[in-house]
Asker: 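A single structure is presented below for examination.
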Amino acid sequence: MSERTVSLKVTRYRPGQDSTPTAQSYEVAYPDDWVVLDALNFIKDHVDGTLSFRWSCRMGVCGSCGMMVNGEPRLTCSAFLREFDSQEIRIEPLAHFPVIRDLVIDMSGFLDKLKSVSPWIIRDTEKDPSEGEYLQSPKQLDAYHPFTACINCLLCYSACPIFGLETDFIGPAALALAHRYNEDSRDQGSAARWNAINDHNGAWQCTFVGECSVVCPKSVDPAAAIQRLKVDTAKQWVRSVLLPWGQK
Amino acid sequence: MNHRKTLEPMWWGLFSAGGVVAAFLIPIHIVLLGLAIPLGWLPGSAEIFQSWIVRLYLFVLISLPLYHWAHRFSFTMSDLGLRPIRKPLAILCYGSAIAGTVVTAWVLLRI
């Protein structure tokens, strides 16, 4: 297999050693079927063992290896080196997040936001298992299924200019998951998610730029989910004003 | 569950309705009042403005897009760097839309 060479310009930040992030270049010879993550692992194993980055499955399922590749948020396990024309590829940590070390970002803020929308099925009462499953029609499944594919890779947060300006924004993935569970016919927890969604830092912060949906590697379309949440929330708001006695 | 925690659903609802009016009604309105009647394709007279339905239509046509502007302009200015004065900016924008609505109603009532 023919090999070409590329220079990876990787952002380094070692706390206690570097005061600010710096860029370090590594020359890598690569076969045609290598992705950016293969090159980073090559560097880690053979050139510089101090380089830190997250990865796990290597097949676009775990959502760990998101990084900025030439300024765009990508899963490095699915970004083939051969698709870049340039002799140099910039690899940086995901934009808009605090950096822990090198290419490793701090995702604790996102995990708190995720928890705030209770992304799980909430029931008022549980059926006894002997009564069988909660059945759904194909139509009921279609209502939420497109939003179930999120792998929490955070590419949508790096692509979102609003999140870049306002880090308190609950963000595309968390809102898409809120919508996913609100739309699930087995769920009865939309009231528990209401406060997080109907907040200035919830759905209302979104101005429908739509880049979240462009970069999503699983085609989740968080932008559509957020607009649907806005419509649902506005309708409920009108209902609460017109029929105030109807509120629990 | 406190459904009235924030007024943002109302502002967004007005923004959204204003967008629909601006996109669908204004082009038709321009064709009717800007081309069809002046060029004689359709008969027209100032008498139609005496109709309450026409006045209601004009009220919707003029006022709702003001809220569309207010919402879009306030968010765009925030994104362009005026985030620190987001609240006074919102008051100025939505306030202007409310003022425009009052003036529209006043003018239409006096026709």
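Numbers restart at 1 for each chain; the letters A, B, ... are given by sequence-line order, proteins then strands.
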Asker: If you count every heavy atom of other residues, nucleotides or ligands that lies below 6.0 Å from A:K127 atom NZ, does the total exceed 12?
Answerer: yes
Asker: If you count the non-hydrogen atoms of other residues, nucleotides and ligands that lie under 6.0 Å from CH2 in A:W120, is the total more than 12?
Answerer: yes
Asker: At a heavy-atom distance under 4.5 Å, which candidate from B:R72, B:H71, B:R86 has the highest pair count against chain A?
Answerer: B:R86
Asker: Just wondering, do A:W237 and B:T6 contact through their side chains at under 4.5 Å, heavy atoms?
Answerer: no
Asker: How many angstroms lie between NZ in A:K230 and CD in B:E8, if you round to the nearest 0.5 Å?
Answerer: 10.0 Å
Asker: Give, as side chain, backbone, both or neither, the part of A:V231 having an atom under 4.5 angstrom from any heavy atom of chain B.
Answerer: both
Asker: Report, as yes or no, whether the 6.0 Å neighbourhood of atom NZ on A:K218 holds more than 12 heavy atoms from other residues, nucleotides or ligands.
Answerer: yes
Asker: For the CG atom on A:D85, are there more than 12 heavy atoms of other groups (residues, nucleotides or ligands in this structure) within a distance under 6.0 Å?
Answerer: no
Asker: Nearest 0.5 Å, what's the CH2-CG distance between B:W12 and A:N198?
Answerer: 12.0 Å
Asker: Would you indicate whether B:I53, at its atom CD1, is surrounded by more than 12 heavy atoms from other residues, nucleotides or ligands within a distance under 6.0 Å?
Answerer: no
